[in-house]
Amino acid sequence: MHRLQNVEERKANRRAIYGRSKFTKDPAITDDTCDEVPFAGAYESGALNGVDHGKDCAQVTAVRADDTGANAADRPTITLVGPFTGEEKCVRGHIPGDFNSGLGGTYGVSSRARVWLTTTASG
């Protein structure tokens, strides 16, 4: 993936995939949040590739397998929700909030570190 640096474009990507009235929380997921792949902060985002509503992405939900308090261990798999054709340009998932922010934060830190290392090494 290629990191999209423009904050306003990232916000627009998020609005396209799960903006107001485009995402209905699943009451079975604690602190349900919307997660999209490719990320809104990437040039490969569904919104930058012709998707203007998250309903047009493949839909998935995190499946609870345990209740240890460690989201990665408690929800190790996802399952499809609704129809899936394989032609979707993105995936939109129901993911617990703290799990989602942890994943997105790791991606953001990782991509910023690569930019810094590339700039420093070539500078």
Side-chain angles (χ1 to χ4, degrees):
M1 279 190 286
H2 300 88
R3 179 79 172 165
L4 178 61
Q5 297 299 323
N6 186 296
V7 173
E8 292 306 312
E9 286 180 347
R10 292 193 313 249
K11 287 179 183 177
N13 290 348
R14 287 184 186 94
R15 283 191 302 272
I17 303 301
Y18 56 87
R20 183 168 298 173
S21 79
K22 292 186 177 184
F23 180 75
T24 303
K25 292 186 178 224
D26 181 344
I29 305 280
T30 304
D31 187 28
D32 186 19
T33 63
C34 180
D35 195 11
E36 78 279 10
V37 176
F39 301 118
Y43 280 99
E44 294 80 5
S45 168
L48 290 179
N49 287 287
V51 178
D52 64 359
H53 196 295
K55 68 178 175 44
D56 298 323
C57 300
Q59 307 295 311
V60 298
T61 191
V63 178
R64 180 181 294 277
D66 205 345
D67 196 14
T68 66
N71 273 315
D74 291 347
R75 297 180 183 273
T77 61
I78 58 168
T79 189
L80 288 167
V81 177
F84 173 72
T85 67
E87 298 296 318
E88 293 83 359
K89 296 179 180 179
C90 50
V91 176
R92 182 174 74 168
H94 292 268
I95 307 295
D98 56 347
F99 196 20
N100 189 356
S101 62
L103 293 171
T106 300
Y107 169 68
V109 167
S110 172
S111 62
R112 284 191 297 277
R114 280 193 303 279
V115 168
W116 181 82
L117 287 171
T118 302
T119 304
T120 303
S122 65

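The first residue of the sequence shown is numbered 1, and numbering continues consecutively from there. Please read these numbers as outputs of a predicted model, since none were measured by experiment.
Residue Asp35 holds its CG atom at 11.0 Å from NE2 of His94, rounded to the nearest 0.5 Å. Between Arg10 atom CZ and Ser45 atom OG the span is 11.5 Å, to the nearest 0.5 Å. From Cys90, atom SG reaches atom CZ of Arg92 across 8.5 Å, with rounding to the nearest 0.5 Å. With values rounded to the nearest 0.5 angstrom, Phe39 atom CZ is found 10.5 Å from Arg14 atom CZ.
Judged purely by atom type and a 3.5 angstrom limit, Glu44 has no side-chain atom pairing as donor or acceptor with the backbone of Asn49. Put simply, the side chain of Glu88 gets close to the backbone of Gly86: a donor and an acceptor are under 3.5 Å apart. Without hydrogens or angle criteria, Lys25 side chain to Asp32 main chain gives a donor-acceptor distance under 3.5 Å.
Linking ILVMFWY residues whenever their side-chain heavy atoms come closer than 4.5 Å, directly or via other members, leaves Phe23 and Val37 in distinct clusters. Residue Ile95 is not grouped with residue Tyr18 when hydrophobic side chains (ILVMFWY) are merged at heavy-atom distances under 4.5 angstrom, including chains of intermediate members. The cluster map of Ile, Leu, Val, Met, Phe, Trp and Tyr, joined by side-chain heavy atoms under 4.5 Å apart, puts Phe84 and Val81 in different clusters.
Counting heavy atoms from C-beta outward, Asp98 and Asp31 have side chains that stay 4.5 Å or more apart. Side-chain contact check for Arg75 versus Pro96: some heavy-atom pair is nearer than 4.5 Å.
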